[in-house]
Amino acid sequence: MITIPDFVQNLVPYKAGKSIDELAREKGLTQIVKLASNENPLGPSPKAMGAINNYISESHRYADPLCHNLTHHLSEIHKLAPEMIFAASGSDAILQYVIMTFSKEGDELLTSEGSFIGWYVNADKLGRKSVKIPLTSDYKYDLKTISEAISERTKIIYLANPNNPTGTIFSSKELENFLEKVPSNVLVVLDEAYTIYVDDSLDFPNGVNYLRENLIVTRTFSKSYGLAGLRVGYAFAYPNLIQHMFKVKLSFEPSSLSQVAAIAAISDEEFIAKTIELNRRSLTMLREKLDAIEIKYTDSAANFLMMIFDSEELAKKFTIECLNRGLILRHVDTFGIPVGVRINSGTDDETEFAVQAIDEVWEMLK
Ligand SMILES: Cc1ncc(COP(=O)(O)O)c(C=O)c1O
């Protein structure tokens, strides 16, 4: 008989939500609005779509395993040597590669509770031990307690800034203080998936400015660039870290179409400006409604916010009742926040639909 390692036995397979079509059919709904995965409501960058069309006839060729053109573009934009850049199929894949490259089965990985589920899943599936420090009462990372929890067993520390699902951030000073406390043999992963959404008026660190021998910064094309389905993410780090990550990377990822789309998207400034503007407008509408009906929510700097309910049961009911009206949200119990429900920004129409549904549901449940 084939034996399955314990850490694999204990994994829970990804449970996909209902498809939009399925939900519409089952509930007899004419409109479904999905604000559950922090995607870009504007769709993909138009420049990226153009690039895919132009390149599709080359799809019989394998993708460039070194992502030469993409890394050179990113290197110019971020003023970093190309050897300091690593691209793969989404930052989720990069997080997996970081864990594979810099730790081994049984090693301890330190992070926060109430943070990105993808990190937890990658740690679990590779048989690493996660140590999770609770969030503060205002749903921020407790960086002081995280730094105090570093032990000889700690191999990697994961921090998302802004954090998902809370959207909360830590400042440049907080990051500097934290990094000073981390021994040089412990790797810090700074996940900046939502960095483009952070308002310029906030004191927010750009990870590129903090690179050092034990820091990796990750970014993604899935959110602000609208390319979630194409799976492109990238990382910055010193070349002596990047070179080892290439050893575990699947050779031909991201796909060739994903690489050309990412190159086009990164220079689509008009699209990014529209994305940021729409996000601000949508979240303002959502906050105004939540304030009016007295639903609490986190102080988010990203393209989503997390509503906070008095109990897990209420958060669950709220999510289900919104779903019954065609509004798909994310109850973030699996992220470690049973009282939280996340909603991301939408188009004007989607946001109006969401505001209406939230209003009706809250009227019924409160
Ligand atoms: C904080 C954070 N990091 C990484 C990811 C993964 O993004 P990607 O689509 O690049 O794998 C997400 C996606 O939700 C995220 O929220």
Side-chain angles (χ1 to χ4, degrees), residues 14 16-17 34-41 44-45 48 67 70 74 85-100 109 111-123 125 130 132 135 139-141 156-170 188-198 204-205 207 216-236 245 249-250 253-255 258-259 261-262 265-266 275 279 298 300-306 328-332 334-337 340 342-345:
Y14 182 78
K34 181 183 173 222
L35 300 177
S37 303
N38 304 343
E39 295 151 347
N40 191 327
S45 139
C67 305
L70 176 58
L74 292 167
I85 299 170
F86 174 87
S89 286
S91 51
D92 203 8
I94 297 181
L95 297 179
Q96 172 186 272
Y97 293 150
V98 167
I99 297 173
M100 285 166 81
L109 313 185
T111 186
S112 177
E113 238 166 51
S115 193
F116 178 46
I117 191 172
W119 176 262
Y120 304 153
V121 170
N122 277 313
K125 82 178 181 202
S130 280
K132 297 180 196 163
L135 293 165
Y139 293 93
K140 291 185 170 175
Y141 276 154
I156 307 177
I157 302 172
Y158 170 81
L159 306 174
N161 199 31
N163 182 36
N164 176 14
T166 59
T168 48
I169 57 169
F170 44 84
V188 177
V189 181
L190 186 59
D191 182 335
E192 295 188 334
Y194 301 96
T195 188
I196 288 181
Y197 294 103
V198 181
F204 181 74
I216 291 190
V217 179
T218 60
R219 299 262 178 107
T220 180
F221 282 90
S222 296
K223 313 294 176 181
S224 36
Y225 297 103
L227 301 182
L230 288 182
R231 315 303 304 127
V232 196
Y234 59 104
F236 311 119
M245 285 169 57
K249 173 185 174 289
L250 290 177
E253 65 169 295
S255 75
S258 304
Q259 291 187 34
I266 201 142
T275 295
N279 182 54
T298 49
S300 171
N303 65 337
F304 56 86
L305 48 82
M306 188 188 82
I328 310 178
L329 303 176
R330 183 81 192 253
H331 181 205
V332 291
T334 47
F335 290 63
I337 311 185
R342 198 187 61 200
I343 180 167
N344 62 261
S345 59

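Remember, it's a predicted structure, so these values are computed and weren't measured experimentally. In each ligand, atom 1 is the first atom listed, and ligand 1 is the first ligand listed.
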Enquirer: What do the steps show when you test S115 against N163 for side chain to side chain donor-acceptor pair (under 3.5 Å), and what is the final call?
Expert: CA-CA 6 Å; S115 193; N163 182 36; 2.7 Å; yes

Enquirer: Once you restrict to heavy atoms under 4.0 Å, what part of N164 touches ligand 1? Side chain, backbone, both or neither.
Expert: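 For N164, the contact with ligand 1 is made by the side chain alone.
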
Enquirer: For a 4.5 angstrom cut-off between non-hydrogen side-chain atoms, does N161 reach F204?
Expert: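 They are in contact (side-chain heavy atoms under 4.5 Å apart), so the answer is yes.
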
Enquirer: Under the ring-ring contact (aromatic ring centres under 6.0 Å, His included) rule, what do Y120 and F335 come out as? Steps first, then yes or no, please.
Expert: CA-CA 8 Å; Y120 304 153; F335 290 63; 7.6 Å; no

Enquirer: Considering non-hydrogen atoms of the protein only, which is the closest contact for atom 10 (O) of ligand 1, and what is the distance?
Expert: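 Scanning the protein heavy atoms, the shortest distance from atom 10 (O) of ligand 1 goes to T220 OG1, 2.5 Å.
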
Enquirer: Any idea which part of Y194 is under 4.0 Å from ligand 1, heavy-atom wise: side chain, backbone, both or neither?
Expert: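 Under 4.0 Å from ligand 1, Y194 contributes side-chain atoms alone.
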
Enquirer: Considering only the protein, which heavy-atom contact is closest to atom 11 (O) of ligand 1, and what is its distance?
Expert: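 Checking every protein heavy atom, the shortest distance to atom 11 (O) of ligand 1 gives R231 NH2, 2.7 Å.
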
Enquirer: Test of understanding: given a 4.0 Å heavy-atom threshold, classify the contact between S91 and ligand 1 as side chain, backbone, both, or neither.
Expert: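 Answer for S91: both.
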
Enquirer: Run the side chain to side chain donor-acceptor pair (under 3.5 Å) check on R330 and N344 step by step: do they pass?
Expert: CA-CA 9 Å; R330 183 81 192 253; N344 62 261; over 6 Å; no

Enquirer: Please report which non-hydrogen protein atom sits nearest to atom 5 (C) of ligand 1, along with the residue it belongs to and the distance in Å to one decimal place.
Expert: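 Residue, atom and distance for the closest contact: F116 CZ, 3.3 Å.
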
Enquirer: Would D191 count as a contact of ligand 1 if the rule is a heavy atom under 4.0 Å away?
Expert: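 Per 4.0 Å heavy-atom rule, D191 contacts ligand 1.
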
Enquirer: For the side chain to side chain contact (heavy atoms under 4.5 Å, CB included) test, which of S222, P254, S258 pairs with R231?
Expert: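 The option that passes is S222.
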
Enquirer: Could you check whether any heavy atom of G233 sits closer than 4.0 Å to an atom of ligand 1, since that is the contact criterion I want to use?
Expert: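 G233 does not count as a contact of ligand 1 under the 4.0 Å cut-off.
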
Enquirer: Give me the ring orientation class for Y194 and Y197: parallel if the planes are under 30° apart, tilted from 30 to 60°, perpendicular past 60°.
Expert: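 Ring orientation of Y194 relative to Y197: tilted.
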
Enquirer: Would you mind reporting whether L135 and S112 have side-chain heavy atoms less than 4.5 Å apart?
Expert: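 Answer yes - side chains close enough.
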
Enquirer: Which ligand 1 atoms are under 4.0 Å away from a heavy-atom of G90?
Expert: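 So the atoms of ligand 1 that pass are 10 (O), 11 (O).
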
Enquirer: Tell me: protein heavy atom nearest atom 14 (O) of ligand 1, and distance?
Expert: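 Closest protein heavy atom to atom 14 (O) of ligand 1: K223 NZ, 2.8 Å.
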
Enquirer: As a test of understanding, state which of N164, L95, D92 forms a side chain to side chain contact (heavy atoms under 4.5 Å, CB included) with W119.
Expert: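 Considering N164, L95, D92, a side chain to side chain contact (heavy atoms under 4.5 Å, CB included) with W119 is found only for L95.
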
Enquirer: Starting from atom 9 (O) of ligand 1, locate the nearest protein heavy atom and write down its residue, its atom name and how far away it is, to 0.1 Å.
Expert: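 Heavy-atom neighbour on the protein nearest atom 9 (O) of ligand 1: S222 OG, 2.6 Å.
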
